[in-house]
Amino acid sequence: MQTRKLGNSDLEVSALGLGCMGMSFGYGPAHDKNEMISLLRSAYEKGITFFDTAECYGPHLNEELLGEALAPFRDKVVIATKFGFLEGDSKKGLDSRPEWIRKSIEGSLKRLNTDVIDLYYQHRVDPNVPIEDVAGTIKDLIQEGKVKHFGLSEAGAESIRRAHAVQPVTALQSEYSLWWRTPEEEIFPTLEELGIGFVPFSPLGRGFLTAKIDENTQFDSTDFRNSLPRFAPEARKTNQAFVELLGKMAADRGVTNAQIALAWNLAQKPWIVPIPGTTKLHRLEENLGALDLKLSAADLSEINEAASKITIEGSRYPEHLQKIAGK
Ligand SMILES: NC(=O)c1ccc[n+]([C@@H]2O[C@H](COP(=O)([O-])OP(=O)(O)OC[C@H]3O[C@@H](n4cnc5c(N)ncnc54)[C@H](OP(=O)(O)O)[C@@H]3O)[C@@H](O)[C@H]2O)c1
């Protein structure tokens with residue numbers, strides 16, 4: 001398995017991680033626990049050492065799942081989790097008060113069946129709590145041996161700098177894929193300057209870029225994608241242009257859309273570690289195949305040029321969630 005280091009840190013992980021959210025939360029009902037345990041253990045056997053969860057996935061269910069599944073090889077894997085929502089519930093709004101972080105971590109440690117969290121992200125910047133206070137709390141937790149590395153998610157450049165001045169940030173996790181490239185503008189230069197790694201979430205565009213979703217796809221009524229403007233049926237129809245672009249490249253190379261989308265992501269910087277999510281072993285294997293696909297400079301400019309001619313329809317979040325997401 002190829003590995004990568006997150007920025008200038010000593011945190012070395014498999015070059016592709018595994019996003020675990022969809023196993024318990026977000027994309028319809030939670031999947032069967034035993035099946036997901038078996039999937040997680042297969043992922044480890046196939047060389048994945050970087051697993052992504054959050055207190056609010058479930059809430060709590062996803063951390064419990066990882067705690068059980070990864071226990072036999074806990075010291076061989078890197079577990080990343082997140083805090084920052086009131087009572088750990090993303091529907092209840094933000095809460096990064098130091099007293100909540102301290103409560104939150106105790107719950108996460110217990111559910112994850114561990115005494116230390118390898119990478120602890122603030123899930124969203126909380127406008128009511130100075131980021132210096134958040135970073136200071138994590139600094140204390142690192143000194144107490146409960147956290148190894150500090151991360152932020154969807155934070156802007158200024159927040160990253162302010163937090164990093166108090167406690168060095170190892171990784172930023174934000175959305176990044178061929179259909180959401182805004183981090184390239186201000187975030188990438190900041191991360192490069194400060195030596196911070198980047199962990200793209202939704203690198204497959206929440207599944208859309210894989211060509212397995214079109215305007216006729218019916219999501220479960222509890223699926224979060226029903227609320228995203230970019231996934232409105234009309235937008236999906238328009239946005240197929242993007243999928244077709246990837247499909248053409250995939251067909252020329254005898255690979256799949258998902259593999260092109262992930263190889264593109266990996267090719268952008270050596271300190272990028274995408275975390276595609278899946279609940280299916282055959283897709284996990286397919287996604288790992290992206291590590292063997294090297295896109296040349298000519299391939300990348302061909303993709304850039306073709307993509308620049310396509311306008312994506314629909315914002316990535318509804319307005320109330322856009323307010324707390326990175327710009
Ligand atoms: N920090 C944050 O705010 C934040 C936000 C969102 C996500 N995340 C993290 O990032 C991880 C990944 O993001 P994501 O799950 O939103 O999106 P993603 O990885 O872009 O896409 C996941 C979706 O793609 C499907 N899929 C995966 N591989 C496929 C393949 N080869 N062919 C066809 N379909 C495929 C999955 O369905 P199946 O399960 O049916 O395969 C799932 O519906 C999450 O699990 C979570 O850990 C973090």
Side-chain angles (χ1 to χ4, degrees), residues 16-32 35-36 39-40 43 48 50-58 61-63 65-66 78-85 90 94 119-125 151-155 171-180 183 198-214 217 219-220 223-228 230-231 243 246-247 250 255-265 273-291 293 316-317 321-322 324-326:
L16 275 182
L18 181 59
C20 302
M21 176 184 79
M23 298 177 191
S24 319
F25 179 77
Y27 301 149
H31 289 255
D32 178 81
E35 282 176 27
M36 293 305 103
L39 176 68
L40 284 157
I48 292 182
F50 188 34
F51 294 85
D52 188 76
T53 181
E55 169 188 49
C56 70
Y57 297 164
L61 283 177
N62 199 240
E63 285 189 334
L65 172 70
L66 266 64
V78 169
I79 301 180
T81 192
K82 317 181 191 82
F83 63 89
F85 287 108
S90 52
L94 299 173
L119 176 56
Y120 201 33
Y121 296 104
Q122 183 192 36
H123 212 146
R124 289 289 182 277
V125 172
L152 297 171
S153 176
E154 289 278 320
L172 175 77
Q173 178 178 134
S174 293
E175 183 165 353
Y176 181 58
S177 70
L178 263 163
W179 78 343
W180 181 252
F198 187 57
V199 177
F201 76 71
S202 305
L204 299 170
R206 300 185 187 272
F208 188 77
L209 299 176
T210 68
K212 296 289 186 290
I213 294 172
D214 64 19
T217 305
F219 296 118
D220 182 88
D223 193 309
F224 173 64
R225 287 170 290 196
N226 289 315
S227 68
L228 305 180
R230 199 165 268 202
F231 277 87
V243 179
L246 288 176
V255 298
T256 67
N257 272 50
Q259 289 170 333
I260 295 271
L262 294 174
W264 176 86
N265 214 310
V273 181
I275 47 166
T278 184
T279 52
K280 299 176 177 66
L281 182 59
H282 70 96
R283 286 182 171 172
L284 186 134
E285 287 164 344
E286 175 187 336
N287 295 346
L288 284 176
L291 292 172
L293 176 63
R316 67 183 177 125
Y317 280 122
L321 293 179
Q322 188 57 53
I324 60 168

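Whatever order the structure lists them in is the order used to number ligands and atoms, beginning at 1.
Counting only distance, with no hydrogens or angles, the side chain of Asp214 and the backbone of Thr217 share a donor-acceptor pair below 3.5 Å. Checking side-chain atoms of Ser177 against main-chain N and O of Pro203 turns up no donor-acceptor pair under 3.5 Å. With hydrogens and angles disregarded, no donor-acceptor distance shorter than 3.5 Å links the side chain of Lys82 to the backbone of Glu55. Judged by distance alone, with hydrogens and angles left aside, the side-chain atoms of Asn265 form a donor-acceptor pair with the main-chain N or O of Tyr176 at under 3.5 Å.
Only the side chain of Arg225 comes within 4.0 Å of ligand 1, counting heavy atoms alone; its backbone N, CA, C and O stay farther away. Using a 4.0 Å cut-off between heavy atoms, Asn287 contacts ligand 1 through its side chain alone, with no backbone atom that close. In Lys212, the part holding a heavy atom less than 4.0 Å from any atom of ligand 1 is the side chain. Contacts of Thr210 with ligand 1, taken as heavy-atom pairs under 4.0 Å, involve the side chain alone. Only the side chain of Arg124 comes within 4.0 Å of ligand 1, judged by heavy-atom distances. Counting heavy atoms under 4.0 Å from ligand 1, residue Pro203 touches it through both backbone and side chain. Contacts with ligand 1 closer than 4.0 Å are made by no heavy atom of Tyr121, backbone or side chain. Of all the heavy atoms of Glu286, the ones lying under 4.0 Å from any atom of ligand 1 belong exclusively to the side chain. Residue-level proximity to ligand 1 for Lys82 is carried by the side chain, the only part with a heavy atom below 4.0 angstrom.
Of the options Tyr27, Phe25, Phe201, the smallest heavy-atom separation from atom 14 (P) of ligand 1 is shown by Tyr27. The option with the heavy atom closest to atom 40 (O) of ligand 1, from among Gln173, Lys280, Glu285, His282, is Lys280. Compare Gly277, Ala261, Ser153, Gly207 by their heavy atoms: the one nearest to atom 27 (C) of ligand 1 is in Gly277. Which of Leu288, Asn257, Thr278, Leu281 comes nearest to atom 41 (O) of ligand 1 through a heavy atom is settled by distance: it is Thr278. Looking at Arg283, Arg206, His31 and measuring to atom 30 (C) of ligand 1, the nearest heavy atom belongs to Arg283.
Taking Phe25 as the reference, Tyr57 meet the ring pair (Phe, Tyr, Trp, His ring centres under 6.0 Å) condition, with sequence neighbours excluded.
Closest protein heavy atom to atom 44 (C) of ligand 1: Met21 CB, 3.7 Å. With respect to atom 20 (O) of ligand 1, the closest heavy atom belonging to the protein is Leu204 N, 2.7 Å. In terms of protein heavy-atom proximity, atom 47 (O) of ligand 1 is closest to Asp52 OD2, 2.7 Å. At the top of the distance list for atom 18 (P) of ligand 1, counting protein heavy atoms only, stands Ser202 CA, 3.6 Å. In terms of protein heavy-atom proximity, atom 11 (C) of ligand 1 is closest to Ile275 O, 3.3 Å.
Between atom CD1 of residue Ile213 and atom CZ of residue Arg225 there is a gap of 4.5 Å, rounded to the nearest 0.5 Å. Note that CZ of Phe201 is 6.0 Å distant from CZ of Arg206, once rounded to the nearest 0.5 Å. Taking OG1 from Thr256 and CG from Asn287, the interatomic distance works out to 7.0 Å, rounded to the nearest 0.5 Å.
Nearest heavy-atom pair, Met23 versus Asn62, reported as atom, atom and distance to 0.1 Å: CB-ND2, 4.0 Å. Of all non-hydrogen atoms in Ser24 and Leu65, the two that sit nearest each other are OG-CD2, 4.0 Å.
Ring geometry, Trp179 versus Phe231: the interplanar angle exceeds 60°, so the pair is classed perpendicular (tilted spans 30 to 60°).
Taking every non-hydrogen atom of Pro276 and a distance limit under 4.0 Å, the qualifying atoms of ligand 1 come out as 19 (O). Set against the non-hydrogen atoms of Gly19, the atoms of ligand 1 under 4.0 Å away are 11 (C), 44 (C), 45 (O), 47 (O). Listed by atom number, the atoms of ligand 1 under 4.0 Å from Thr279 heavy atoms are 38 (P), 39 (O), 40 (O), 41 (O).
No close placement of the Trp180 and Phe208 rings is indicated, their centers lying 6.0 Å or farther apart.
The side-chain heavy atoms of Leu94 and His123, taken from C-beta on, include no pair separated by under 4.5 Å.
Cation-pi contact between Arg124 and Phe85: absent, since separation from the ring centre below 6.0 Å together with deviation from the ring axis within 45° is not met.
Sorted by first and then second residue, the pairs that involve residues 275-285 and meet side chain to side chain donor-acceptor pair (under 3.5 Å), not counting sequence neighbours, are Lys46-Glu285.
Using a 4.0 Å heavy-atom cutoff, His123 is listed among the residues neighbouring ligand 1. The closest approach between a heavy atom of Glu154 and any atom of ligand 1 is not below 4.0 Å. Using a non-hydrogen distance threshold of 4.0 Å, Tyr57 registers as a contact of ligand 1.
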